[in-house]
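Data first, discussion second: the structure below is written as structure tokens.
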Amino acid sequence: MFDMKSFRLDGKIALVTGASYGIGFAMAQALANAGATIVFNDIKPELVEAGLANYKAAGIEAHGYVFDVTDEDQVNEFAAKIRKDVGIVDIVVNNAGIIKRIPMLEMSAADFRTVIDIDLNGPFIVSKAFIPGMLEKGHGKIINICSMMSELGRETVAGYAAAKGGLKMLTKNICSEFGHANIQCNGIGPGYIATPQTAPLRETQPDGSRHPFDSFIVAKTPASRWGTPEDLQGPAVFLASDASNFINGHVLYVDGGILAYIGKQP
Ligand code: NAP
Ligand code: GCO
């Protein structure tokens, strides 16, 4: 008999990276509402402080840490500190990420490397640091925040698309290497979500008109709207819970249907 308790996260510890605000914060709120203890990090102390206040205001006693997901020594140091302070992490959400929108021929190799480092090396480093605890516990959930750019490219996002495409394959590889140990690694591929990261694509134009990209995305999305961080809350709880224990190596696209739609004839 199916029990709705399989969607609960009581007794579980969840780490969400880059979760002071935006998509990470929204997903962490949902994981907390499902019963998880929340651990989060950000790269700036002031962001972690602000994040702790935001969680408290939402009635969540979160644990916040300042570390850079691309620095393996820092990640390992804080993995040990988190284990001592809070316990062995059951759920990792690799959410921290950046984008640099630069035409490829103008993009330096250094900028390309920076995006790959944060968006792809970061999830590798963080997963590697927390999988041992999952092996000890006999279960684990890793959720990599991919993107539509795990499937599609567009002008100016070469580094980001390469990173998010690689993150889709890292997701499949962690599934392959650790599925036998009852560790499930899946991705969430958000469509276009209204957060600070996409704010430049939605800015009102000097003449008061909508940003052309804003109009383009709304027309291209069957749901006829931008997504919100809250649209990602249910999918995050599902993939973090026992309800998804036989789903592994999958990327769940939460995109309002955009990847399914060729677009209306102009
Ligand atoms: P966001 O608003 O820019 O938040 C990203 C968070 O990650 C920020 O708090 C950022 O801190 C943090 N961060 C950046 N580099 C870090 C590092 N080296 N170590 C630790 N934390 C770091 O982004 P978002 O829109 O919420 O997106 C969150 C995730 O969803 C990202 O992986 C993004 O690629 C993905 N995504 C977003 C969309 C969308 O439409 N918004 C769609 C698909 C996928 P700082 O503020 O200091 O940079
Ligand atoms: C962009 C956007 C996208 C979104 C998201 C789409 O410039 O095209 O930032 O990349 O962030 O990744 O899924």
Side-chain angles (χ1 to χ4, degrees), residues 15-29 39-51 54 64-72 74-75 78 93-103 113-126 129 143-168 170-171 187-203 211-214 216-217 220-221 225-233 235-236 251-259:
L15 165 66
V16 186
T17 63
S20 297
Y21 60 87
I23 287 172
F25 179 77
M27 291 189 295
Q29 272 188 298
V39 178
F40 75 101
N41 83 308
D42 231 306
I43 196 166
K44 297 179 186 117
E46 62 274 20
L47 275 179
V48 171
E49 285 316 307
N54 291 339
Y65 296 89
V66 180
F67 62 87
D68 177 346
V69 296
T70 68
D71 183 324
E72 190 162 28
Q74 276 188 39
V75 171
F78 279 92
V93 181
N94 285 307
N95 168 76
I98 66 162
I99 192 166
K100 289 183 183 288
R101 299 185 183 94
I102 305 167
R113 269 192 216 102
T114 297
V115 177
I116 297 288
D117 205 15
I118 296 169
D119 293 9
L120 181 55
N121 291 343
F124 167 77
I125 290 168
V126 171
I143 302 170
N144 292 322
I145 307 305
C146 297
S147 161
M148 279 177 48
M149 274 55 208
S150 297
E151 302 294 342
L152 300 173
R154 82 174 184 87
E155 300 80 3
T156 76
V157 295
Y160 186 80
K164 294 298 188 178
L167 187 55
K168 176 175 78 168
L170 177 62
T171 299
I188 288 177
Y192 279 85
I193 313 294
T195 72
Q197 189 246 55
T198 55
L201 305 175
R202 290 177 279 108
E203 271 166 5
H211 193 298
F213 198 88
D214 178 2
F216 165 67
I217 287 300
K220 190 79 169 61
T221 305
R225 66 174 175 89
W226 284 72
T228 66
E230 290 69 29
D231 286 319
L232 298 158
Q233 291 183 314
V251 178
L252 177 58
Y253 287 97
V254 185
D255 66 357
I258 194 170
L259 277 177

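Order of appearance sets the numbers: ligands from 1, and atoms from 1 within every ligand. If you're wondering where the values come from, they're calculated on a predicted model, not measured in any experiment.
- Classified by interplanar angle (parallel below 30°, tilted 30° to 60°, perpendicular above 60°), the ring pair Tyr192/Trp226 is perpendicular.
- Of all the heavy atoms of Arg154, the ones lying under 4.0 Å from any atom of ligand 2 belong exclusively to the side chain.
- Contact of the Thr195 side chain with the Pro229 side chain is registered, since non-hydrogen atoms from C-beta on lie closer than 4.5 Å.
- In terms of protein heavy-atom proximity, atom 6 (C) of ligand 2 is nearest to Gly191 O, 3.4 Å.
- Between Val69 and Asn94, every side-chain heavy-atom pair lies at or beyond the 4.5 Å cut-off.
- Distances below 4.0 Å separate heavy atoms of Met148 from the following atoms of ligand 2: 13 (O).
- The side chain of Leu201, and not its backbone, has at least one atom closer than 4.0 Å to an atom of ligand 2 (non-hydrogen atoms only; side chain from C-beta on).
- The 12-atom threshold is exceeded at CZ of Arg101, counting heavy atoms of other residues, nucleotides or ligands nearer than 6.0 Å.
- Within ligand 2, counting atoms from 1 as listed, the ones closer than 4.0 Å to a heavy atom of Gln197 are 9 (O), 11 (O).
- The two residues Val75 and Asp68 have their closest heavy-atom pair at CG2-O, 3.6 Å.
- Not one N or O on the side chain of Asn95 forms a donor-acceptor pair closer than 3.5 Å with the backbone of Val16.
- Residue Tyr160 has at least one heavy-atom neighbour below 4.0 Å for each of these atoms of ligand 2: 5 (C), 10 (O), 11 (O), 12 (O).
- Side chains of Leu201 and Ile217 form no contact here, defined as non-hydrogen atoms less than 4.5 Å apart.
- Protein heavy atom nearest atom 4 (C) of ligand 2, with residue, atom name and distance: Tyr192 CE2, 3.9 Å.
- Not a single N or O atom of Ile99, backbone or side chain, sits closer than 3.5 Å to an N or O atom of ligand 2.
- In this comparison of Gly97, Ser147, Gly153, Cys146, the heavy atom closest to atom 5 (C) of ligand 2 sits on Ser147.
- The side-chain heavy atoms of Thr70 and Asn121, taken from C-beta on, include no pair separated by under 4.5 Å.
- Taking distance alone, with nitrogen or oxygen atoms compared against 3.5 Å, Pro190 approaches ligand 2 more closely than that limit.
- Note that CG of Asn41 and OG1 of Thr17 are 5.5 Å apart. Values are rounded to the nearest 0.5 Å.
- Under the 4.5 Å side-chain criterion, counting only non-hydrogen atoms from C-beta, Arg225 is in contact with Asp231.
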| request: Quick one: do Phe40 and Val48 satisfy side chain to side chain contact (heavy atoms under 4.5 Å, CB included)? Show the steps, please. | output: CA-CA 8 Å; Phe40 75 101; Val48 171; 4.1 Å; yes
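- Around ligand 1 you find Gly18, Tyr21, Gly22, Ile23, Asn41, Asp42, Ile43, Lys44, Leu47, Phe67, Asp68, Val69, Asn95, Ala96, Gly97, Ile98, Ile118, Ile145, Cys146, Tyr160, Lys164, Pro190, Gly191, Tyr192, Ile193, Thr195, Pro196, Gln197, Thr198, each with a heavy-atom distance below 4.0 Å.
- Those atoms of ligand 2 that come under 4.0 Å of a heavy atom in Arg101, given as number and element, are 1 (C), 2 (C), 7 (O), 9 (O).
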